[in-house]
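Naming convention: chains lettered A, B, ... in sequence-line order (proteins, then strands); numbering from 1 in each chain. None of the values given here were measured: they were computed from a predicted structure.
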Number of protein chains: 2
Amino acid sequence: MNQNPQRSTLVEVAHAAGTSKTSVSRFFGDERQRLSQELQERIAAAAKRLGYHPNQMARGLKGGRSRLIGMLVADIRNPYSVAVMHGIESVCQAHGYSLMVANTNNDPAQERRHLELLTAYRVEGLVVNAAGSPDRELAKLAEQGTPLVLVDRELGEVPADMVGLDDARAIDQALDHLQTAGYGELLYVSKPTSRVSSRRVRLERFQHGIAERGLVGEAHCLTLDADAAELDDAIGAFLVRPGTAPKALLCANGQVTLAVTRVLQQRNVTLGSVGLMGIDELEWCALVPPGITTLAQPTDAIGRAAVENLLQRLESSQRTSPPRRTHYQAQLIPRGSTRLPFHHDRSQESP
Amino acid sequence: MNQNPQRSTLVEVAHAAGTSKTSVSRFFGDERQRLSQELQERIAAAAKRLGYHPNQMARGLKGGRSRLIGMLVADIRNPYSVAVMHGIESVCQAHGYSLMVANTNNDPAQERRHLELLTAYRVEGLVVNAAGSPDRELAKLAEQGTPLVLVDRELGEVPADMVGLDDARAIDQALDHLQTAGYGELLYVSKPTSRVSSRRVRLERFQHGIAERGLVGEAHCLTLDADAAELDDAIGAFLVRPGTAPKALLCANGQVTLAVTRVLQQRNVTLGSVGLMGIDELEWCALVPPGITTLAQPTDAIGRAAVENLLQRLESSQRTSPPRRTHYQAQLIPRGSTRLPFHHDRSQESP
DNA sequence: TTGTAGGCGTTATCAA
DNA sequence: TTGATAACGCCTACAA
């Protein structure tokens with residue numbers, strides 16, 4: 001009774017059942033129909049007795065079907081990514097796939113390394129939520145026939161499907177809401193747009209949007225990595241600036257909302273009198289008085305759509321059809337942080 | 001230029017480099033030293049030209065080394081689990097392992113299914129943060145020689161290593177803090193302990209702890225799944241109960257803290273005048289005025305320790321040594337929610 | 001230093 | 001309905 005009661009193999013089961021590898025293989029593949037009732041029972045019994053489970057490694061080797069979906073995540077601690085991952089996982093499971101997650105910590109080097117690993121395991125499809133620089137590698141992967149889905153952001157030249165938010169529309173929703181609520185002077189805070197397409201779209205739309213609406217506005221792209229000094233300065237300057245219209249801050253995503261809320265709280269700013277609104281709904285947004293207004297992304301749906309996309313390409317062999325983009329609408333969740341203390345609702349004013 | 005520029009294989013590289021499989025294998029294994037400089041260059045060139053990457057499936061098949069670590073998570077959306085996962089991931093990566101994550105949604109059936117999958121891919125080690133019921137399966141796995149590490153909770157009969165919080169000590173810290181802060185009547189809220197050892201330990205320690213300290217206290221185990229009615233009732237009753245000492249709530253984990261905070265806010269309770277404290281530090285705890293006091297778990301360290309444990313057993317072949325338990329200390333982060341409005345600090349009182 | 005031959009556990013192709 | 005037998009891509013004695 002030393003150690004390895006060695007995992008049993010196909011041959012052993014075959015032997016124990018007094019039959020051949022082929023039949024056992026058929027039993028565990030999808031061809032039980034072709035086996036006589038009696039043989040099926042003998043195999044089932046033997047397999048159970050030996051505690052046999054097919055070796056996916058071997059399977060993947062022969063058939064080329066690894067039954068693996070890979071996911072490249074820039075930051076596994078980002079609630080958005082996790083929420084999306086949850087959607088992805090459920091669909092994978094429902095279709096008999098397993099998920100292999102690789103977290104890249106926003107580091108291009110790790111991204112490249114992980115991508116290599118994922119392909120080494122012959123993932124059949126890949127979901128990417130990162131923006132390092134392995135464009136070339138990704139493109140090659142796509143060429144080799146591995147379906148690719150980008151989540152939340154496009155990637156330069158990579159010919160892949162994309163699932164994400166309708167960013168432009170979301171910004172419009174935000175601006176409309178803020179304007180209706182009575183805010184006229186806006187500060188938009190984002191992380192550096194760098195290569196993240198969604199950030200770029202949001203930023204540009206903000207610029208256009210305020211112009212169209214005759215709002216006063218200004219946008220800052222900040223790292224937020226180190227201390228919040230930069231952010232504090234920016235916000236301080238914004239608050240101090242002379243102006244007549246009520247002021248509001250718009251946060252480009254959940255991380256920004258968190259950082260901005262911290263700063264505002266330190267500065268003892270009353271939310272509402274200075275407006276605050278963010279893209280991404282977080283579990284605590286309702287808890288910070290008087291509640292932070294957000295635009296919720298349908299993260300679960302986004303994750304599900306991503307994998308469904310993948311599977312479709314995988315199974316229907318429309319592998320070469322042109323890239324498809326799926327954009328979801330954000331849902332406005334209005335809270336106190338965009339309610340002006342003594343605000344006259346303009347729609348109520350007599351003409 | 002139709003489709004599959006077929007991934008190239010070892011033999012092809014060998015051929016292109018004018019050498020044998022063996023040498024190429026050595027090149028990509030850890031035996032470059034044994035090859036002449038010139039051969040190395042030829043192989044490198046050929047491999048690069050063909051875009052060759054070793055097939056992990058095939059590798060895993062022969063050597064039995066899948067280079068895969070599996071993780072079974074009960075709830076991938078739980079911030080605690082994600083934080084731990086982050087630690088796990090980094091160590092895996094540092095040692096050339098990949099992580100395969102399986103989310104079980106707290107469903108025993110899925111747990112079993114996923115466990116089977118993970119073993120089908122021949123993960124070399126398994127981290128478990130779930131408490132369904134596949135004790136038997138897990139035990140078998142362990143017997144078969146796959147190292148196992150339990151995170152946060154023990155599992156019945158399974159002979160596995162365990163990494164988690166020093167739960168008893170954490171509760172002591174909490175009680176000490178609350179008592180010192182002047183609270184004398186406590187309500188402990190937890191999810192049902194069911195099979196989760198950490199929950200059980202915390203609950204029991206709470207019961208003992210209040211007795212030892214002469215505090216008045218009461219504990220509730222609630223599902224929190226559906227609406228918060230149950231919780232609201234419990235808290236309502238607690239607040240209304242006649243008593244002289246200041247009251248405080250102690251939350252057994254982050255999920256509970258979230259739910260409790262919601263209820264308190266709905267009831268317009270001023271935090272501090274009613275104390276609030278929770279195990280698990282969450283990013284928003286500082287943001288809900290006047291700040292929620294927490295006991296932070298060193299999640300990253302816990303994750304790292306888990307994998308390091310695994311790798312040790314894997315490499316040092318101390319596979320059979322008795323299970324080891326590693327307990328980390330929680331760190332108290334005092335905030336306004338446990339500061340009584342007109343509190344006399346007892347340590348300052350003259351004797 | 002390099003190469004040959006066999007096998008890992010499975011599926012796929014044929015033949016019986 | 002069954003069963004030999006040859007791959008799959010790689011690793012590992014063993015030999016040269």
For B/Arg26, which residues count as a salt bridge (charged side-chain N to carboxylate O under 4.0 Å, His left out) partner, sequence neighbours excluded?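 Not a single residue meets the salt bridge (charged side-chain N to carboxylate O under 4.0 Å, His left out) criterion with B/Arg26.
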Could you work out, with salt bridge (charged side-chain N to carboxylate O under 4.0 Å, His left out) as the rule, every residue matching B/Glu308, not counting sequence neighbours? none
Distance-only side-chain donor-acceptor flag, A/Arg324 / A/Gln312, under 3.5 Å: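 The answer is yes; a qualifying pair exists.
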Listing request: all ring pair (Phe, Tyr, Trp, His ring centres under 6.0 Å) pairs with a residue in residues 101-132 of chain B, at least two apart in sequence or in separate chains.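 Every pair satisfying ring pair (Phe, Tyr, Trp, His ring centres under 6.0 Å) with a residue in residues 101-132 of chain B: there are none.
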Going by ring pair (Phe, Tyr, Trp, His ring centres under 6.0 Å), name the pairs with one or both residues in residues 53-77 of chain A, residues two or more places apart or in two chains. none
Those residues that, when tested against B/Phe28, pass ring pair (Phe, Tyr, Trp, His ring centres under 6.0 Å) (two or more places apart):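 B/Phe28 satisfies ring pair (Phe, Tyr, Trp, His ring centres under 6.0 Å) with B/Tyr52 only.
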Nearest-nucleotide wise, let me know which of B/Lys62 and A/Arg59 is further upstream toward the 5' end of DNA chain C.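 Checking each residue's closest nucleotide, the 5'-ward one belongs to B/Lys62.
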For DNA chain D, determine which residues of residues 15-28 of chain B have any heavy atom closer than 4.0 angstrom to one of its atoms, and list them numerically.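 Of all residues in residues 15-28 of chain B, the ones placing a heavy atom under 4.0 Å from DNA chain D are B/Lys21, B/Thr22, B/Ser25, B/Arg26.
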Using a heavy-atom cut-off of 4.0 Å to chain A, what are the terminal contacting nucleotides of DNA chain D, in 5' to 3' order?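 Contact span on the strand: D/dT1 to D/dG9.
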Does anything in residues 144-153 of chain A form a salt bridge (charged side-chain N to carboxylate O under 4.0 Å, His left out)? List the pairs, not counting sequence neighbours.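 For residues 144-153 of chain A, and leaving out neighbouring residues, the salt bridge (charged side-chain N to carboxylate O under 4.0 Å, His left out) pairs sorted by first residue read A/Asp152-A/Arg202.
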Pairs where residues 38-61 of chain A contributes a residue and the test salt bridge (charged side-chain N to carboxylate O under 4.0 Å, His left out) is met, not counting sequence neighbours: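 Sorted result for residues 38-61 of chain A: A/Glu38-A/Arg42.
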Taking for each residue the nucleotide of DNA chain D with the nearest heavy atom, is it B/Ala58 or A/Ser36 whose nucleotide lies nearer the 5' end? A/Ser36
Considering every strand and a 4.0 Å limit on heavy-atom distances, what is the contact class for B/Leu35: base, sugar-phosphate, or nothing?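 Counting heavy atoms under 4.0 Å across all strands, the contact made by B/Leu35 is with sugar-phosphate only.
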Could you check whether B/Arg34 gets within reach of a base, just the sugar-phosphate, or nothing at all, counting any heavy atom under 4.0 Å?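 It contacts base atoms.
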Taking side-chain hydrogen bond (donor to acceptor under 3.5 Å, both in side chains) as the definition, give me every residue that meets it alongside A/Gln40, ordered by chain and number, with sequence neighbours left out.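 Expected list: none.
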Quick one: how far along DNA chain C does chain B reach, first to last nucleotide 5' to 3', anything under 4.0 Å to a heavy atom? C/dT1 to C/dG9
Could you list all the side chain to side chain donor-acceptor pair (under 3.5 Å) pairs where at least one residue sits in residues 63-72 of chain A, not counting sequence neighbours?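 Of all non-adjacent pairs touching residues 63-72 of chain A, those that pass side chain to side chain donor-acceptor pair (under 3.5 Å) are A/Arg65-A/Tyr97, A/Arg65-A/Glu124.
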